[in-house]
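This report refers to the structure that appears directly beneath it.
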Amino acid sequence: MCLFCKIARKQIPSKIAFEDDDLLAFHDINPAAPTHILVIPKKHLTSLADASTEDEALLGKLLLATQRAAREAGLVEGGFRVVANTGANAGQSVFHLHLHVLG
Ligand code: 5GP
Ligand code: ZN
């Protein structure tokens with residue numbers, strides 16, 4: 001099973017920001033900014049390139065979860081970045097879809 005599936009199932013501990021039935025938001029182990037949160041679906045998708053129309057609602061939830069992560073970290077006024085490295089040539093290193101929230 002992949003690393004982020006294990007994190008989603010609490011088989012590997014992480015510093016959780018929040019979660020619901022479909023997604024988990026947790027702090028990156030090697031932060032690239034003062035706030036660096038990862039938002040993942042609990043369903044395994046390899047990357048954005050692996051998503052399809054059946055994942056439309058899930059993708060919407062993930063994007064709104066990045067907004068929540070930024071808001072709860074106090075980043076909404078000042079601004080934040082959302083990044084989805086997609087594929088090896090884009091620097092993706094964990095092949096379970098995740099959105100980086102950086103601020
Ligand atoms: P990617 O390079 O695939 O876009 O991002 C993967 C991210 O996952 C990296 O920023 C990396 O620091 C983070 N990461 C890798 N392994 C772990 C882990 O075991 N726990 C947490 N919290 N983050 C991880
Ligand atoms: Zn996975």
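Counting starts at 1 for both ligands and their atoms, in listed order. No experiment lies behind these values; they were computed from the predicted model shown.
When the salt bridge (charged side-chain N to carboxylate O under 4.0 Å, His left out) test is applied to D22, the partners found at least two apart in sequence or on another chain are K61. Under the salt bridge (charged side-chain N to carboxylate O under 4.0 Å, His left out) criterion, R68 pairs with E72, sequence neighbours left out.
Below 4.0 Å from some heavy atom of Q92 lie the following atoms of ligand 1, by number and element: 3 (O). Atoms of ligand 1 lying under 4.0 Å from at least one heavy atom of N30, given by number and element, are 12 (O). Under a 4.0 Å criterion applied to the non-hydrogen atoms of S93, ligand 1 contributes the atoms 1 (P), 2 (O), 3 (O), 5 (O), 6 (C). Annotation for ligand 1: atoms under 4.0 Å from non-hydrogen atoms of H98 are 1 (P), 3 (O), 4 (O), 5 (O), 6 (C).
Atom-to-atom distance recorded for L75:CG and T35:OG1 is 4.5 Å, nearest 0.5 angstrom. A distance of 11.5 Å separates CD of E19 from CZ of F26, quoted to the nearest 0.5 Å. Put simply, OG1 on T66 and CZ on R71 are 10.0 Å apart, with the number rounded to the nearest 0.5 Å.
Closest of all the heavy-atom pairs between L23 and F18 is CD1-CE1, 4.0 Å. Between K42 and D20, the closest heavy-atom pair is NZ-O, 2.8 Å. Residues A8 and L24 approach most closely at CA-CD2, 3.9 Å, considering heavy atoms. Between D28 and N30, the shortest heavy-atom distance links the atoms OD1-N, 2.8 Å. Heavy-atom minimum distance, T86 versus A49: CG2-N, 3.8 Å. When all heavy atoms are compared, the tightest approach of K6 to M1 is CE-O, 3.6 Å.
Considering only non-hydrogen protein atoms, atom 14 (N) of ligand 1 sits nearest to I29 CG2, 3.8 Å. Scanning the protein for heavy atoms near atom 22 (N) of ligand 1, the closest one is H27 O, 2.9 Å. Annotation: atom 12 (O) of ligand 1 to nearest protein heavy atom, D28 OD1, 2.5 Å. The protein heavy-atom contact nearest to atom 16 (N) of ligand 1 is L3 CD2, 3.4 Å.
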Anything under 3.5 Å between a donor and an acceptor, one on a side chain of residues 91-103, the other on a protein residue two or more places apart or in another chain? List them.
from: Q92; atom 1: OE1; to: G87; atom 2: N; distance (Å): 2.7
from: Q92; atom 1: NE2; to: T46; atom 2: O; distance (Å): 2.9
from: Q92; atom 1: NE2; to: V94; atom 2: O; distance (Å): 3.0
from: H96; atom 1: ND1; to: H44; atom 2: ND1; distance (Å): 3.2
from: H96; atom 1: NE2; to: P41; atom 2: O; distance (Å): 2.8
from: H98; atom 1: ND1; to: H96; atom 2: O; distance (Å): 2.6
from: H100; atom 1: ND1; to: H36; atom 2: NE2; distance (Å): 2.8

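Contact between G91 and ligand 1 is present, with at least one heavy atom of the residue lying under 4.0 Å from the ligand. Residue F4 places a heavy atom under 4.0 Å from ligand 1. The closest approach between any non-hydrogen atom of K15 and ligand 1 is not below 4.0 Å.
The Zn ion (ligand 2) has C2 SG, C5 SG, H44 ND1, H96 ND1 as its protein N, O or S neighbours under 2.8 Å.
Using a 4.0 Å cut-off between heavy atoms, I12 makes no contact with ligand 1 at all. Looking at F26 against ligand 1, only its side chain comes within 4.0 Å, counting heavy atoms. Counting heavy atoms closer than 4.0 Å to ligand 1, residue V83 contributes nothing at all.
Residues L59 and L48 are in side-chain contact: their nearest non-hydrogen atoms beyond the backbone lie under 4.5 Å apart.
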